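One structure below.
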Number of protein chains: 4
Amino acid sequence: MNPKITKRDIIINAAIRTFSRKGYYNSRISDIAEDAKISHGLVYHYFSSKEQILITIFRDSFEEVLEEMSRIDKKKGTALDKLKAVITYTFKVVEHNRDLYKVRIMDVPCIQKFYEPENQLLYNRYFARLADFIKEGQQKGLIIKKGAPLLISHIFHGSVDAVIRQFAYNKEFIYENMSLDLIISQTIDLVFSGFILDTDFHGN
Amino acid sequence: MNPKITKRDIIINAAIRTFSRKGYYNSRISDIAEDAKISHGLVYHYFSSKEQILITIFRDSFEEVLEEMSRIDKKKGTALDKLKAVITYTFKVVEHNRDLYKVRIMDVPCIQKFYEPENQLLYNRYFARLADFIKEGQQKGLIIKKGAPLLISHIFHGSVDAVIRQFAYNKEFIYENMSLDLIISQTIDLVFSGFILDTDFHGN
Amino acid sequence: MNPKITKRDIIINAAIRTFSRKGYYNSRISDIAEDAKISHGLVYHYFSSKEQILITIFRDSFEEVLEEMSRIDKKKGTALDKLKAVITYTFKVVEHNRDLYKVRIMDVPCIQKFYEPENQLLYNRYFARLADFIKEGQQKGLIIKKGAPLLISHIFHGSVDAVIRQFAYNKEFIYENMSLDLIISQTIDLVFSGFILDTDFHGN
Amino acid sequence: MNPKITKRDIIINAAIRTFSRKGYYNSRISDIAEDAKISHGLVYHYFSSKEQILITIFRDSFEEVLEEMSRIDKKKGTALDKLKAVITYTFKVVEHNRDLYKVRIMDVPCIQKFYEPENQLLYNRYFARLADFIKEGQQKGLIIKKGAPLLISHIFHGSVDAVIRQFAYNKEFIYENMSLDLIISQTIDLVFSGFILDTDFHGN
DNA sequence: AATGAATGAGGTTTCATTCAT
DNA sequence: GATGAATGAAACCTCATTCAT
């Protein structure tokens, strides 16, 4: 067995699969234990409660996202390159572990603990990071100045998230047999430039 | 009392408030009954189960959305006018009943019944309607042709939804004291035209 | 059915029997429910927790004791008559419901809630009452003055309690076939006057 | 380290502290292990079960009491001297290790095993010993003859126990700032001679 | 229509005990 | 001797749902 995969990780992964399949509130600790091939009692050796498992999934996952954003920030490239990299990374993460993404968007927001300051702080750092990229783009003349950076970051995130939800929830992808790469590039295109043809729009 | 407000409506509204405040799985039938100022037993005269209440909320609400989209469609105006009207309508609905919006985005997707064909059909009709507007815009040369209409509809919805989530979940609105009307117009602007300045982008 | 016996009382009596037989921590809510011939869920309709049942037993019982002591106090008679009446009453209570007495002495002191101020206050009022009787006796020259009233009240209670414990826990009474009345009168005698023959003892 | 203090003793003492503080049923094996600064698994090298620890505490402690009573019996002195010595010894034991006394009176009687013949026999030997002293006093004309020795032994024990309970459970002693020695002597006085002033009482 | 007592399936969590290391 | 991961029985409590009144 891979010595790096601890039992804690096995439980986390079992929980991600279980939550993703049945939803947090319909998942029993015994379902997770069964998936992890351990007794349900052992789960409590590693986590203090079912809620704690979900919070751990959330925090681990978001810390990884933030680390990746730091890495992206350090690479050379324009603000737009960075935002593109965020989109590409997000798609790749979902491609690699769509259960995790489902849990993040469907289950995490359902529990009270997510709304406690400690976790909201972590969550908001993601948007703050996006807003930083956008501010940078505005200063460099790449992004329109009249949009509030945070508003843009929400629109940016919402656009990508909406597409990825389809990707995550529909086994057969629905956009007329488009390849994933094509979807990514079209998404980037649409999010960045919108979809209307009146190019004078911004000039008003 | 308004004779049109039936007890059934009272229960529905109590459920919307309760689900919004505590989440579906943390809401007790007795919580809803208490909010409606009736006994919990009476709830079962009007609804067969707790799940049925949530599904009713979902269906009623989405049918109303679809009716509004029909009304919008019938009015004269371009496809872009229609899409703008959808955004404006959505903001107004949330302004009027943000609890309902919260339930729709947070609680409805948590229950299995939502994923049954009957309800998915209703849900997808909303996106199909959006896609129709977009196709219309593409035919009229208002919207870029290379984006798949459904993909655009998801991006459109995701963008607006992301902004509205902030509106729904943050008591103090967060975008630098912008007025709701300004947010709506900026959102329309950004969703339609994107946020980058390179106007040749679409021309590539 | 006796209309005065409420379901709450049925549960309380079932709990007294169950706690008495198996001890608080070995008694299951389902044991109590079974004894009361109801479903275990119904227990929680009347009591918020297992602990609350025990506390209710304690409080109800002690309030009754204190009421009896008030009644005794109001009757005419010396302080010694009052103390005798307390002893007699206690024996009668145990004779009528020895399970209740067992629960009071064995189970009630085992739970944390008993040591909360609210309940200690109630418990101590019993000793305070006894001490009042003793003070009265001291003022009337019936009881020796050099003993601290509270100390005497504890010795008084401890003596009687020790005898009653035997009565409560030994099906076949153990004192050489003495009748209950004889035991009561001998107990009164011994507690009041001690058991040594040196009558000058108090004169030292 | 004192070579005579075995790990077994360390566990016993940890258990006494733990049971005393939290009660038997609220004490976890891991609490005891933590107090003893060992792993909880090791407890099972020395004791077969949690119950066995409590029974061991009971048996060790009572065997010591019985040994002391033998020593007292062997010393020269009247029956009253012996009874006084028992009282003094009991107070001294509590003064030295009040946790042990608490466990003996609160926790030991809560477990079923205590009521098995083997342990009841040991427990009753204490009262039998007391009754022997009392019989001896009766034969020597020091103690009234009409009281059943066992009844007197229970009253004797109950009196002393009641006072000691106060001593064990109230950090600040409650009897008007009396010294321990004064309490002991007053207790002896009151238990032996009672507290009423009518010295003809026994003559009736 | 309306109430709320009653049911009971079912879940989370605890923890004594075992045993491989 | 010593550790602590692992097991699994068992208990409290919740609450959707039913139904007599």
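Quick caveat, the model's predicted, so the values are computed rather than measured. Chain letters run A, B, ... following the sequence lines, proteins first and then strands; every chain starts at 1.
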Between [atom2] of [N] and [atom1] of [X], the distance in whole Å:
X       : N      : atom1 : atom2 : answer
D:Leu42 : E:dT17 : CG    : P     : 15 Å
B:Arg28 : F:dT14 : CZ    : P     : 10 Å
D:Lys22 : E:dC15 : NZ    : C1'   : 12 Å
A:Lys50 : E:dT14 : NZ    : P     : 14 Å
D:Asn26 : E:dA16 : CG    : C1'   : 15 Å
B:Ile29 : E:dT7  : CD1   : C1'   : 16 Å
D:Lys7  : F:dA2  : NZ    : C1'   : 8 Å
C:His45 : F:dT17 : NE2   : C1'   : 14 Å

query = Does a donor on one side chain and an acceptor on the other come within less than 3.5 Å for A:Asp107 and A:Tyr25?
reply = no
key: Given DNA chain E, 5'-ward residue of the pair A:Tyr25 and C:Lys37, judged by closest heavy atom   = C:Lys37
Residue whose closest nucleotide on DNA chain E lies nearer the 5' end, A:Ser30 versus B:Val43 = B:Val43
Which part of the nucleic acid, if any, lies within contact of [X], taking any heavy atom under 4.0 Å across all strands shown: a base, the sugar-phosphate backbone alone, or nothing?
X       : result
C:Tyr46 : sugar-phosphate
C:Ser48 : nothing
A:Ser49 : sugar-phosphate

Cationic tip of [X] above [Y] ring, under 6.0 Å, 45° of axis:
X        : Y        : result
A:Lys50  : A:Tyr24  : yes
C:Lys102 : C:Tyr169 : yes
C:Arg104 : C:Phe62  : yes

Residue-phosphate contact under 4.0 Å: A:Tyr44 side-chain N/O, E:dT14 OP1/OP2 = no
ask   = In terms of the nearest nucleotide of DNA chain F, which residue is placed more toward the 5' end: C:Tyr24 or B:Glu51?
value = C:Tyr24
request  = Quick one: pull up CD1 in D:Ile16 and CG in D:Asp9 and give me the separation to the nearest 0.5 Å.
outcome  = 9.5 Å
key: Paired nucleotide for F:dT21 [Watson-Crick or G-U wobble; both distances under 3.5 Å]   = E:dA2
message = Could you check whether the side chain of C:His40 and the base of F:dC13 have a donor-acceptor pair of N or O atoms closer than 3.5 Å, going by distance alone?
response = yes
